[in-house]
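Only one structure is covered here, and it is reproduced in the block below.
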Amino acid sequence: MKVKLTLLVVFIAAISFVSCSNKPEMRKPNGSTETIKIKNDHTVYGLACEGCTDSVVVLLPTDGSDPVQYDCLEAHRSGKILGKLKIGDWIAVVPSAKNKKVADIVIDLDDLKGIWCYIVMPKLKNYENMSASMQKRMMQEMPDSLKELYMIPREYGFWMKRQWVCQSVGYVAQKNSLEDESPVVYPPLGYFTGWGIWNGKLIISSGTPKMLKDNTTEVTNVGYDTCNIDYLNDDSLVLSSDGVSRSYYRKNSVDELNKKAKYMAAKLSQKAMEEAKEN
């Protein structure tokens with residue numbers, strides 16, 4: 001619990017910088033932990049009610065007040081209904097600045113939650129100091145047996161959970177000595193800590209973890225990514241930032257991730273142990 005609270009506080013602090021405010025405004029109506037309002041975020045949170053159509057979204061606010069109906073016809077036409085609204089789903093509505101009864105963006109947050117992944121490939125060590133032709137030549141000269149062992153794609157990603165907690169997924173445990181001997185290196189896997197919605201955008205915070213003596217985790221060097229949610233359905237998510245987009249696919253369990261990569265890591269570890277015994 002201490003870890004979760006620490007990460008949540010760190011995340012909120014990062015968001016406060018994004019929103020140009022010294023202190024984020026946190027609201028938890030009726031003791032709810034599902035709604036944390038960031039200052040200058042005009043998003044309305046609640047549950048999708050009966051009556052939602054392609055032209056209308058009906059939201060039950062988290063403060064227990066009466067349902068609110070929003071016109072979402074234009075949002076539907078422009079692809080700003082993100083996810084498939086279902087009765088009882090936790091949703092977010094960004095009202096139009098010109099008309100508070102019109103929704104500019106609607107996000108099904110229950111659809112957004114979950115494990116989202118993408119594929120990364122390893123690169124030759126010190127590749128940044130090599131020319132493209134040299135990298136190509138070294139790859140061509142690498143024996144197929146080494147390629148089979150080391151050129152394994154990995155799945156990286158994040159797991160967005162309830163209470164705005166986010167967790168990195170895709171880590172493959174490997175002894176440092178084996179990593180030193182490997183001819184390739186993988187991109188660093190970010191340490192994600194939290195997520196939130198800010199006026200229809202997705203914000204994910206990350207930092208550098210440090211294990212403390214009491215077995216809790218302290219996160220330093222906190223940063224954040226602010227992304228547009230370009231597309232969301234059952235199995236696909238597209239995020240973009242600064243003109244660059246990335247597609248993600250959904251995984252149902254962290255146990256499904258990197259099965260081949262974990263198998264190869266275990267195989268290399270076993271091989272190293274056998275060689276150590278022989279020596």
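All values below were derived from every heavy atom in this structure, side-chain atoms included, with hydrogens, water molecules and symmetry-related copies excluded. Each residue takes its place number in the sequence, starting with 1.
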Hey, which of [options] is the one that makes side chain to side chain contact (heavy atoms under 4.5 Å, CB included) with [X]?
X: Asp144; options: Glu148, Lys147, Met142; value: Lys147
X: Lys84; options: Asp110, Asp108, Leu232, Asp234; value: Asp234
X: Tyr70; options: Val56, Val57, Val106; value: Val57

Evaluate the criterion side-chain contact (heavy atoms from CB on, under 4.5 Å) for residue pair Met151 and Val184; output intermediate values, then yes/no.
CA-CA 8 Å; Met151 299 304 293; Val184 302; 3.5 Å; yes

Between [X] and [Y] (side chain of the first, backbone of the second, donor and acceptor by atom type, cut-off under 3.5 Å), is there such a pair?
X: Lys100; Y: Pro95; result: no
X: Ser168; Y: Gly190; result: yes
X: Asn228; Y: Asp230; result: no
X: Asp214; Y: Thr216; result: yes
X: Ser205; Y: Gly194; result: yes
X: Ser240; Y: Gly243; result: no
X: Asn199; Y: His42; result: yes

Check [X] against [Y] and note the closest heavy-atom contact, atom names and distance.
X: Asn258; Y: Pro153; result: OD1-O, 4.4 Å
X: Leu239; Y: Cys227; result: CB-CB, 4.1 Å
X: Val58; Y: Pro67; result: CG1-CB, 3.9 Å
X: Gly207; Y: Val219; result: CA-CG1, 3.7 Å
X: Ser247; Y: Val238; result: OG-CG2, 3.7 Å
X: Thr43; Y: Gly200; result: OG1-N, 3.8 Å

Are Phe192 and Gln167 close enough, and set up right, to give a side-chain contact (heavy atoms from CB on, under 4.5 Å), and what steps lead you there?
CA-CA 5 Å; Phe192 300 109; Gln167 171 187 327; over 6 Å; no

For the [atom1] atom of [X] and the [atom2] atom of [Y], what is their distance to the nearest 0.5 Å?
X: Lys80; Y: Ile107; atom1: NZ; atom2: CD1; result: 9.5 Å
X: Leu237; Y: Trp116; atom1: CG; atom2: CH2; result: 5.0 Å
X: Leu60; Y: Glu50; atom1: CG; atom2: CD; result: 13.0 Å
X: Ser96; Y: Glu74; atom1: OG; atom2: CD; result: 10.5 Å
X: Asp41; Y: Ile197; atom1: CG; atom2: CD1; result: 8.5 Å

Assess whether ring-ring contact (aromatic ring centres under 6.0 Å, His included) is satisfied between Tyr171 and Tyr156, documenting all intermediate values.
CA-CA 8 Å; Tyr171 180 72; Tyr156 279 10; 9.5 Å; no

I'd like to check [X] versus [Y] (side-chain heavy atoms, cut-off strictly below 4.5 Å). Are they in contact?
X: Lys113; Y: Trp195; result: yes
X: Leu73; Y: Arg77; result: yes
X: Lys210; Y: Thr220; result: no
X: Cys72; Y: Ile81; result: yes
X: Asn233; Y: Leu82; result: no
X: Leu59; Y: Leu47; result: no
X: Ile204; Y: Phe158; result: yes
X: Gln69; Y: Lys101; result: no

Is it true that atom OH of Tyr249 has more than 12 heavy atoms of other residues, nucleotides or ligands lying nearer than 6.0 Å?
yes

In this structure, are over 12 heavy atoms from other groups packed under 6.0 Å from Met138 atom CE?
no

Let me check something: do [X] and [Y] share a hydrophobic cluster, defined by ILVMFWY side-chain heavy atoms less than 4.5 Å apart, either directly or through other members?
X: Trp159; Y: Tyr118; result: no
X: Tyr231; Y: Ile119; result: no
X: Tyr191; Y: Ile115; result: no
X: Leu109; Y: Ile105; result: yes
X: Tyr248; Y: Leu257; result: no

side-chain contact (heavy atoms from CB on, under 4.5 Å) evaluation trace for Leu112 with Ile229:
CA-CA 10 Å; Leu112 185 60; Ile229 307 173; 4.2 Å; yes

Strictly under 6.0 Å, is that where the ring centroids of Trp198 and Trp164 end up?
no

With side-chain contact (heavy atoms from CB on, under 4.5 Å) as the criterion, how do Ser241 and Asp225 come out once you've worked through the C-alpha distance, each side chain's angles and the decisive distance to 0.1 Å?
CA-CA 8 Å; Ser241 178; Asp225 289 316; over 6 Å; no

So which pairs with a foot in residues 243-266 pass salt bridge (Lys or Arg N to Asp or Glu O under 4.0 Å), sequence neighbours left out?
Glu155-Lys251

